[in-house]
Number of protein chains: 2
Amino acid sequence: MNTVTRPGLRERKKQRTRDALLRAALELFTTQGYEHTTVDEITEAVDVSQRTFFRYFAGKEDAAFAVQDLAHTRFAVAVRERPLDETPLEALRNAVLKDWDTIAEAVEQVVPIDLYLRMCRLTESTPALLAAHLRRSDEAGEEVARIIAEREGLDVDTDPRPRVAVAVFAGVIRVTERRWGLSEDLGATETRALTVRYLDAMGPVLAEKWRTG
Amino acid sequence: MNTVTRPGLRERKKQRTRDALLRAALELFTTQGYEHTTVDEITEAVDVSQRTFFRYFAGKEDAAFAVQDLAHTRFAVAVRERPLDETPLEALRNAVLKDWDTIAEAVEQVVPIDLYLRMCRLTESTPALLAAHLRRSDEAGEEVARIIAEREGLDVDTDPRPRVAVAVFAGVIRVTERRWGLSEDLGATETRALTVRYLDAMGPVLAEKWRTG
DNA sequence: AGGTTAGTGACAGTCACTGACAATTGACAA
DNA sequence: TTGTCAATTGTCAGTGACTGTCACTAACCT
């Protein structure tokens with residue numbers, strides 16, 4: 001008798017199964033490695049049939065990126081919410097930074113953050129995962145480019161600037177991603193600072209001569 | 001009796017097999033689609049065992065990108081050959097443009113250019129291939145970043161600028177790639193011009209306000 | 001010519017993923 | 001409460017990518 005109709009038992013059960021599968025998958029991936037984890041191992045850990053796994057996730061890869069997708073979606077929303085007086089790159093910059101502070105709790109709703117972070121690192125060192133990650137980022141970038149174009153009242157298929165701006169921005173993000181993913185000792189706070197530094201350094205990099213001689 | 005020891009019969013036979021497999025693979029991929037082409041179909045077309053295919057290529061994917069890898073390698077060389085008085089981004093820009101004019105014949109040595117171009121378009125519309133392509137590009141970018149760092153006498157692990165510059169540059173290239181891959185009517189010449197335009201527009205994009213209002 | 005070695009084919013096995021159908025279980029009305 | 005409907009799941013069979021192994025053949029070397 002909830003005023004807000006609570007999802008029925010069926011719905012709740014489904015959610016539990018999905019969560020359990022997701023958590024088991026990430027746990028196994030991060031401890032044994034992605035390639036060395038079979039779907040059977042995941043389903044055995046949750047005690048469902050293999051077929052069920054594929055009903056919840058399009059494939060192994062899809063499970064690996066369920067959380068990452070959440071982050072991408074949130075970022076797109078954050079960009080859409082930026083005030084219109086910011087330039088495109090300002091909007092992108094401020095969107096990441098604002099999102100950064102609240103992303104942790106959003107992730108925690110689904111899986112322990114620690115698990116997510118370990119998964120991110122694994123992505124960087126697993127070719128198959130890195131490939132999938134880059135493609136998903138590319139996709140997310142496309143969406144953001146459309147948002148930027150809309151903000152600026154431009155046609156994304158005529159004017160290249162939205163896509164160029166997003167591509168440039170994504171490139172910088174990728175650098176910090178890599179840096180963070182491969183270094184053992186680099187906390188979230190330091191990485192955030194690094195991101196700011198790189199983004200702010202971007203302008204000069206393009207014009208300046210680097211050599212002091 | 002060659003002064004330059006010509007590769008033996010064994011070596012030549014191997015090369016022929018590899019070429020035949022590669023050509024058959026690309027031909028089938030581009031006509032039937034990547035996913036709908038089985039390795040068995042490829043090997044049947046060349047009349048070798050399936051096992052042989054996997055001795056020449058690490059997988060289906062590897063065959064699909066054999067030519068693309070050639071292009072990446074050439075680009076890296078082109079960057080290395082740029083005069084030292086060019087700024088990093090100038091060097092990158094001029095390397096693509098210079099390479100552009102000679103890449104065609106280099107490709108033709110291995111497979112018909114037309115086949116290569118069709119393969120590129122297919123990559124853009126096949127998620128699995130796009131993912132693989134982006135990862136390989138990322139890898140190539142890492143190599144180029146090291147070359148740039150060396151040119152400038154910097155340590156790539158300390159100074160982020162080489163990677164940032166390459167990431168930014170790669171982002172722009174990606175935009176033209178996409179544009180070319182998805183439009184039916186866009187020749188190589190027009191695409192080259194587009195690349196120049198985007199690259200040259202990059203600086204302004206980062207600083208300027210876009211809205212005229 | 002005869003021994004060595006690289007390249008190949010044949011075969012068996014693993015694993016991701018899919019389609020089809022039957023069994024189960026929550027939802028909902030009589 | 002009970003029976004019906006529909007959603008979820010399990011089972012089974014099959015495809016296709018990829019790997020290890022081993023015997024065989026053909027090029028290479030002396």
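Residue numbers begin at 1 in each chain, while the letters A, B, ... track the order of the sequences.
In this structure, CH2 on A/W180 lies 12.0 Å from CD on A/E190, to the nearest 0.5 angstrom.
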Checklist entry - Can you give one letter per nucleotide of nucleotides 19-30 of chain C, 5' to 3': B if a protein heavy atom sits under 4.0 Å from the base, S if only from the sugar-phosphate, - if neither? => result BB----BBS---
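Note on B/Y56: every side-chain N or O is 4.0 Å or more away from OP1 and OP2 of C/dG7. Contact annotation: B/T37 does not reach the phosphate of D/dG16 (side-chain N/O to OP1 or OP2, under 4.0 Å). Dashed line: the shortest gap from a side-chain N or O of B/K60 to OP1 or OP2 of D/dC18 is not under 4.0 Å. For C/dG7, neither phosphate oxygen OP1 nor OP2 lies less than 4.0 angstrom from any side-chain nitrogen or oxygen of B/T52.
The distance from atom CG of A/D40 to atom P of D/dG10 is 13 Å, rounded to the nearest whole Å. We find that CZ of A/F57 is positioned 16 Å from C1' of D/dT8, with the value rounded to whole Å. Rounded to whole Å, the distance from NE2 on A/H36 to P on C/dA16 is 11 Å. If you take CG of A/L28 and C1' of C/dA16, they are 16 Å apart, rounded to a whole angstrom. Here D/dT19 presents its C1' atom at 16 Å from CG of B/D62, a figure rounded to the nearest Å. Taking atom CD of residue A/Q50 and atom P of nucleotide C/dT14, one finds them 14 Å apart after rounding to whole Å. The distance between atom CD of B/E35 and atom P of C/dC17, rounded to the nearest whole Å, is 12 Å. Atoms CZ (B/F53) and P (C/dA10) sit 18 Å apart, rounded to a whole Å.
Of all the heavy atoms in B/Y34 and B/K60, the pair that sits closest is O-NZ, 3.0 Å. Of all heavy-atom pairs between B/A78 and B/D99, the closest is CB-CB, 4.4 Å.
Of the possible polar contacts, none joining the A/R135 side chain to the B/A128 backbone as a donor-acceptor pair under 3.5 Å is found.
Using a 4.0 Å cut-off between charged nitrogen and carboxylate oxygen, A/R163 and A/D157 count as a salt-bridge pair.
Ring-plane geometry between B/H72 and B/H133 is classed as parallel, the angle between the planes falling under 30 degrees on a 0 to 90 degree scale with a further cut at 60.
Taking every side-chain heavy atom of B/K14 into account, C/dG7 is the closest of C/dG7, D/dT19, C/dT18.
You'll find the side chain of A/L22 reaches within 4.5 Å of the side chain of A/F57, heavy atoms only.
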